[in-house]
Each structure stands twice: as structure tokens, then as C-alpha cells.
Amino acid sequence: MHKDLMKEQERVHRVIEVINKERTRLAEQVEEKSEKQRQQLKESKEIKISQGSSESVWESSAELRAFEQELMIRNNELQNNAERVAVLEKMQDEPYFGRIDYHDEYGNETIYIGIGSLFEKDENLIVDWRSPIASLYYEGSKGEKVKLMIADQPMTYGVDLKRQFLIRHAEIVRMMDTDNVMGDPYLLEVLEGPSSYQMGTVVSTLQKEQNQIVRETKAAVTLIEGVAGSGKTVVLMQKIAYLLYAFRDQLQSEEIVLFSPNKIFQEYVSQVLPALGELNVGNTTFSEFMERKVTGFSLRADHADSLAKVTVLKGSLAFYEALQKYGALLKKRYLKFADIRFRDEIILSQEEIESAFYSIDSQGALASKLDILQRHLLQRVERIKQSQKGKPWVDKEMVAMSDLDLYRYEKETHNQKAMEDAMTADILEDAFEPVVARIEALAFIRYKNQYIHFLRAVPKLLSLDDFGLDEEEWRTHIALVAEHMAEKRVLLEDLDAYYSLRLLLKGPSSDMKYQYICLDEVQDFSPFQLQMLQHAYPSARFILSGDLNQNILNRRLSFDDLRTIFSESKFSSYRLLTSYRSTNEIVRFSESFIEGEKPEGTYIRSGKKPEVLLTEDGGLDMGYIRQKVEASVAAGLRVAFISRNAEDAERISQELTLVGIDYKLVQQDTDNSHHPVLILPARLAKGLEFDVVFAVCHYPAKAAQNELQILYTICTRAMHELYLTVSGKEPGLLERVNPDYYDVRKM
Ligand SMILES: Nc1ncnc2c1ncn2[C@@H]1O[C@H](COP(=O)(O)OP(=O)(O)OP(=O)(O)O)[C@@H](O)[C@H]1O
């Protein structure tokens, strides 16, 4: 082994030399091309200056366009080179993490696997982990035969050696040959390590069942379901990186959008894709995305219990269907138009527009009927425009023209009449431009009024009773929404529905370019939101990852909903059952809170039993808690106090202050969460993990409907140690748990 290690170390050095050479060469190229680009930019500015003098305007602008095109090509080249340099920089420290020796009918081969490929002349020094042959590393163990599809051909390979490396700063720190019998000791080592503020990559320890999901590309909709900590987020990220590699000729990173549950989580995973060599995938929260879609409104965050029923209704498929029915109604009546004005005068009144619209006989969708109206109005405006010729305001504008413009018209035309005609045409074009733009944008529809009108129609389109609401409550709610709209700060549910209404009227827009829409923590999306995305991006593929047992926000996304939404598509669903995050003891304890069937996962590693801190009167032994927190922080571990809601987070923060524990209270998803001791409500702990978790449940709770799901989510944030604070007055909480699964400490 020692000789092996020396040989491997020599190879690492040799490969790093090649990486350095390629990096230097590329960096020089980048520098050279950037200089050229700077030069060209300067020249393009000079072209603009020469406009209107010796060259004709058209010639200059054609030249400018050619320049711009060339600049764009250079820019792309530059970006590709810069991306490659970034990958090489990452590989400089750790060029690869695995080696596979295999044989097939043609002989023996050895490959080394890393985050990017590397060649020296004809020798393949590193194979990208996403290449088809690299699957051997994830699928096979020593002595096994593995079947792979390579270039659509079934191939069989015998694995002779699987070696894992931990390389840091060009030195091999650990080298391990693994086989089926030993399992994956390297994985264990990785999992036993402490947590961090940012999720790391797991490309070197990706498990077989995870790898299979990563590499499946045929499904139109992929659902990655699984228990907490089973690597759903990990798999989703690896899958994105894989798609960008497998379809590199047809798929740009801008054509993938990844929705994260909140900004804290977004930051937590922000380095994963760059670390895999993919720098430019858009990672956004759904709220941010919606705010960009519907400008003019900002979001109002409101988690008030009074809104719970309405939120469920507005997130439902029934509400979506109601909106579609309403859209069909609008084809016949109720559409609300505004006057179209030109120079402060009404040129097309709402009544005229309305009558034009309702006299169109169209079998098509609402949007296509509006499309016909739009064309009709544009023709009407064109006639009005022509009728303005010779009006005093046009003559006035003509007189006011600059000498330079006059000179330009003179050069382009042959006689006075032609010149005046050209000038009039341009003046009218400019003056009517805003009117035309308004019509093209369908801005003559009164969307806000229309939305409120839709809300009023809702009781006729669905059963309020199904959502535990009566008409009076609904009317009160509409008044609130109208108030929100006037203040231009609305709830996310309203923004979703408002946007969907606009989509109904306008049809899918041309900026819709996503090939893949990826949703992490899909259980927090409402059925309405998913249906809306599916309609807005009909040709996009969806990758959904989540755990319906963690439905904290109570929007009730179910498998049935998913099947309804994506019924006609090709649906592939997977279930991951092994938790890589938490110890077996934490997993077993947490799963007691799952309703229905318990998942049967493989246990990975052992640790301490969770401890229940039981209080009789609600008071905790804060000395004990302080001692635990201090010891953890001193050991470099991250601690989180996670509560059911924001009020409880506030309360525990006061208790910690009293005993002098230093902490950071996270109340909004924009708060910085880099502190070794955090207090946060479950809603903001989504997807995150901590070495030590205090699940705060000793305050009397107004038993939320999804209490158990919240508790499950809180407990499964813990990697190594879990403490659950419970009040003796709330015995129900522990009734579900086998007493052997935890230790009790009376406070
Ligand atoms: N194959 C693996 N090798 C090493 N670590 C892994 C592997 N798979 C998952 N992990 C680790 O397990 C932890 C949980 O992974 P991840 O956050 O992806 O799980 P999840 O299923 O999305 O969890 P949750 O449902 O709680 O959001 C992370 O620390 C991740 O790095």
C-alpha cells in the first residue's frame, strides 16, 4: 500500500502540473481576449460619434450591429474560458476523488474521477464524474459486474478496484480501497464530521440509488421524495449539474431555474453548484420570482392564523379551476376595460372597446379573443393616426425640428413633398408609440378591478364550505385584499392568482424559456402554484424534491394533486429512505412523529439517544442547557434552538439572555444566520442542519393541525445530538414515542 500511495502521490503532482499549465494558458487567453474586447468597445463608441456626419446613419448602424455581434461572440468565448479557469482552479487543490480499474471485452482500463475532465495529448487524466463511464464509481464495487448504457449500447464492465482519495492542497490525506463487504467507510467519515454554514458537495460519496436519480433524463417530471436528510437536495443539485453536462450542446444554465424555500436555505446551498463546476444556475425563492413577474407590487408576509383557511383555499386546485371557469366567463361578459387616450383625449372609450370585444365571434381561448381585439384596436388607432395628418400639433412639431434632423431628411428624400411626408410619418409614429405600446401590452384592461371582481365571483365558482368558510368571512377577506392592492403590498397567494389571471388574459409570454424547473421542498408549494407553473411553462421539465411529511406551511400538497397537475406527462418518482444527516437514534425518534406507515430505511451510523428535557411548570434547567451549549460551541459545533413558531423563538431567546448564552435570533429569512448558536422558527429551519438541536416545545401550544409534521421537521434538523424540551402538561407529545428511544431528564 505504501508503494501504491507514493505512486498515487506522484501522479497527483504530475496531474496538477498539467492543470496549472492549462490554467495559465487559458488565463492568458482570457486576458488577451478581454483586451481585444476593451479595444473593440472603444471602437464601437467611436462609430456612434461619427453618426450623422460623413457616414450615413444606416451604414454606421449596420457597422455597429456587426460590431455588437462580434462582441457578443467574444463575450461568450470569454465566459466559457473563464468558467473553465474557475473549474481548473478548484481542481488544482483536489484534482480528483476516485479511481476505478475495470475490464471489459477490450482489456483493462484505469480511470480517475473528478469534477471536470482533463486531457494531456491523447491521455485522459481525469474523467468528469458525469461522464457515462464514471457511473462505475457510483454503481459498482470491487469484484462486481456492472451494466451501463454507453452511447446507447449496453456494455458490461468488471470492477477490479475502487479507490477513494481525500486530497487537500495537492497532498493525499487519505486513500482507501473499498469493496462491498466494508461498505463505504469514507462516507461514514464524511457524515460523522461537523456541520457547516454551507452545504458541501457529496460528489465523491454519492450513493448508488442517488446516482440513478441523478442520471435519469427521460422523465418530463421527476419527483424525488424521501425522509428528512436522505439527500433530496443533494440529488437535486447533482442532477442539475449532470443535465448541464449531458445536454451541454442544447441546454444553457439560464434555462434552468431552481426554487429554494427561503433565503437562508438559498445561501446554504449557494456554493454547491459552483463547487461542481456549474456557476450560473439561477437560484431564487418563489416569492422573489413572483415579485419579478408582477412588477408594481411587493410582498406582504403574514402568517396570521386568521388567514389559514383562506390560504388553503387560495392555494388549492379548486381555486385554480375557479379562475379558469372565470376566464371562460370573461369571454362572454364582465371584462373590465379602461379608456385609451391620446394627447389627453379619449380616442377609444371603454364602451367602444367592450362592444368591439363582445362582437368578436371566436371559439378560441380568452387570450386569443383578446389577441383579435388587440389587432382590431391597432387598426383603429392606425386610422386615427392617419387622420391626424395636417393637424396643427403636427405642423408645430415639424417646425420645431433641429437642423441636424432636417439635414438628415433632406439627404434621404428627393423633394419637398417627400420630405414633409417622411417627417409627418415619423412625428405620428413617435406620438402614437405609447398608445400602440399600451395596446400591445393589453394595458387597457383593469387588472386590479378584474381580480377583485373574480374574488367576488368565487362563492359561485367553488364551495367555500369545503374550506370551512362562509360568505361573510369571504367578503371581509375581499375588503382586506382590496386594501392590500391599494397599498401595493399583497400576499403571495394573491400575487399568484393575480399573475394567473393575467396569464389567462395575455396567454403565455415569450420570455418563457425554461427547459427545467426545479423545486426543492416541493411540499411547501401550493397545488395552485405548481399548476400555475405547469401552465405558464408547458414545455418545461420539472424536477421536484421534497417530503410530504414536512408540510409545515400546511398548504396540503398531496400526491393526488401532483398526479392531477402532471397527469399527461411522463412521471418518474423515487423514494429515498436512508437518512444521511442524523444518527440512527435521532432518525428512529423523529420518525415516531410520522403519521401512517414508517419508512424502512437503512441505518447508517450510531450516536447518543435523544434527551427529553421534561418540565412540570414550564421552567427549564437553564444551567444544564448552558453547559451543553458551551461545551458544543467549544468543540466547534453548531447549535440551534428550533421552535414551532416565531413567538416561541422570541420567548426562548429571553430565557437564553437571562443565563448569558450568546445567540442569534433569526426572525426573517434575510437575517444573517452565521452564528454558532441560532434560535429560529421551524419555518426558517427548512432544509438546514445543525450538530446539536434543541427542539423547543415546552410552551403551551394551540395545537396546530400539522403539529406532528412541524415536530418531525424540527427533530430531523439534528445531525448528532437532539434535546426536546417538553412540558409535563402536554403529555400527548410523547405518547407516540417508544420510551426506549430516548432518555428523560426532569428539569
Ligand atoms: N451520498 C452522500 N454522501 C455524503 N453526504 C450525504 C450524502 N447524501 C446526503 N448527504 C448529506 O446528508 C445531509 C442531508 O442531505 P440533504 O439536505 O440533501 O437532505 P434532504 O433529504 O434534502 O433533507 P430535508 O428533507 O431535511 O431537507 C447533508 O449534510 C448532505 O450533505
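Throughout, numbering of the chain's residues begins at 1 and tracks the sequence. Counting convention: from 1, in listed order, for ligands and their atoms alike.
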Donor-acceptor pairs under 3.5 angstrom involving side-chain atoms of residues 226-234: please list them, not counting sequence neighbours.
unit_1	atom_1	unit_2	atom_2	d
Ser230	OG	Val227	O	2.6
Lys232	NZ	Gly226	O	3.2
Lys232	NZ	Val227	O	2.8
Thr233	OG1	Asp520	OD2	2.8

Only distances under 3.5 Å count here; give the side-chain donor-acceptor pairs of residues 258-265 to other protein atoms, sequence neighbours excluded, each with its distance to 0.1 Å.
unit_1	atom_1	unit_2	atom_2	d
Ser260	OG	Asn283	OD1	2.6
Asn262	OD1	Ile264	N	3.0
Asn262	OD1	Phe265	N	2.9

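Relative orientation of the Tyr723 and Phe694 rings is parallel, given thresholds of 30° and 60° on the angle between their planes.
A cation-pi arrangement, defined by a distance under 6.0 Å to the six-membered ring centre and an angle within 45 degrees of its axis, is present between Lys162 and Tyr137. For Arg563 and Phe571, the positive end is not near the middle of the six-membered ring at less than 6.0 Å and at most 45° from its axis.
Sorted by chain and number, the residues within 4.0 Å of ligand 1 by heavy atom are Leu187, Leu191, Met199, Val202, Thr205, Leu206, Gln207, Gln210, Val227, Ala228, Gly229, Ser230, Gly231, Lys232, Thr233, Val234, Glu521, Gln550, Tyr580, Arg581, Gly687, Glu689, Arg717.
Scored by the salt bridge (Lys or Arg N to Asp or Glu O under 4.0 Å) test, Arg248 finds no partners at all (sequence neighbours excluded).
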